K.L.:
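Input: one structure, supplied below.
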Amino acid sequence: MTLEAVRRARALPSLRAALAQEYGLVMWFATTQPDLAEGIRAQLVDKDRSPSWSPAHRFELPPGRVAEAFAHEPEPALW
């Protein structure tokens, strides 16, 4: 996801567009993906630094997950 975000940001026309893309991705992760809460739990709550990611490896990502993330239109909009 991060690599794709960097690649797409390079083609965007402005910093504003790059920030809007980043905001959309952050909101998608925060509202639809349990890994954000799991990372917070592992780092700040239990402090075990042993998150249990789902999926555990990028090769296990469902087809279309990256496209789903970039298609997300957050509410409220950034601008």
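Everything numeric here is computed off the predicted structure, so don't read it as measured data.
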K.L.:
Ignoring hydrogens, what is the shortest heavy-atom contact between L25 and F70? Give both atom names and the distance.
P.N.:
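Looks like CD1-CE2, 3.6 Å.
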K.L.:
Find the distance between CZ (R58) and CE (M1) and round it off to the nearest 0.5 Å.
P.N.:
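It comes to 12.5 Å.
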K.L.:
Taking all non-hydrogen atoms of both residues, which atom of E4 and which atom of V66 are closest, and how far apart?
P.N.:
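Heavy atoms only, the tightest pair is CG-CG1, 3.9 Å.
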K.L.:
Measure the spacing between OG1 of T31 and NE2 of H72 and express it to the nearest 0.5 Å.
P.N.:
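T31 atom OG1 to H72 atom NE2 measures 4.5 Å (nearest 0.5 Å).
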K.L.:
How close do R41 and S50 get, heavy atom to heavy atom, and via which atoms?
P.N.:
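Minimum heavy-atom contact is NH2-O, 3.3 Å.
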K.L.:
So for atom CZ, which belongs to R8, do other residues, nucleotides or ligands contribute more than 12 heavy atoms lying within a distance under 6.0 Å?
P.N.:
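Yes, the 6.0 Å shell around CZ holds more than 12 heavy atoms from other groups.
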K.L.:
If two hydrophobic side chains count as joined below 4.5 Å and joins carry through other members, does W28 share a cluster with V26?
P.N.:
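No; V26 is not reachable from W28 via cluster members.
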K.L.:
To check you understand the geometry: which heavy-atom pair defines the closest contact between L12 and A18, and what is its length?
P.N.:
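So the minimum-distance heavy-atom pair works out to CD1-CA, 3.6 Å.
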K.L.:
Does atom CD of E60 have more than 12 heavy-atom neighbours from other groups under 6.0 Å away?
P.N.:
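Yes, enclosed.
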K.L.:
Any donor and acceptor pair, going by atom type alone, linking the side chain of E38 with main-chain N or O of S52 inside 3.5 Å?
P.N.:
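Side chain of E38 to backbone of S52: a pair is present.
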K.L.:
Where do Y23 and P74 come nearest, in terms of heavy atoms and distance?
P.N.:
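Closest pair (atom of Y23, atom of P74, distance): CE2-CG, 3.5 Å.
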K.L.:
Closest approach of L19 and L78, non-hydrogen atoms and distance?
P.N.:
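In terms of heavy atoms, the two residues are closest at O-CD2, 3.7 Å.
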K.L.:
Nearest 0.5 Å, please: how far is CD in Q33 from CZ in R65?
P.N.:
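R65 CZ to Q33 CD: 5.0 Å, rounded to 0.5 Å.
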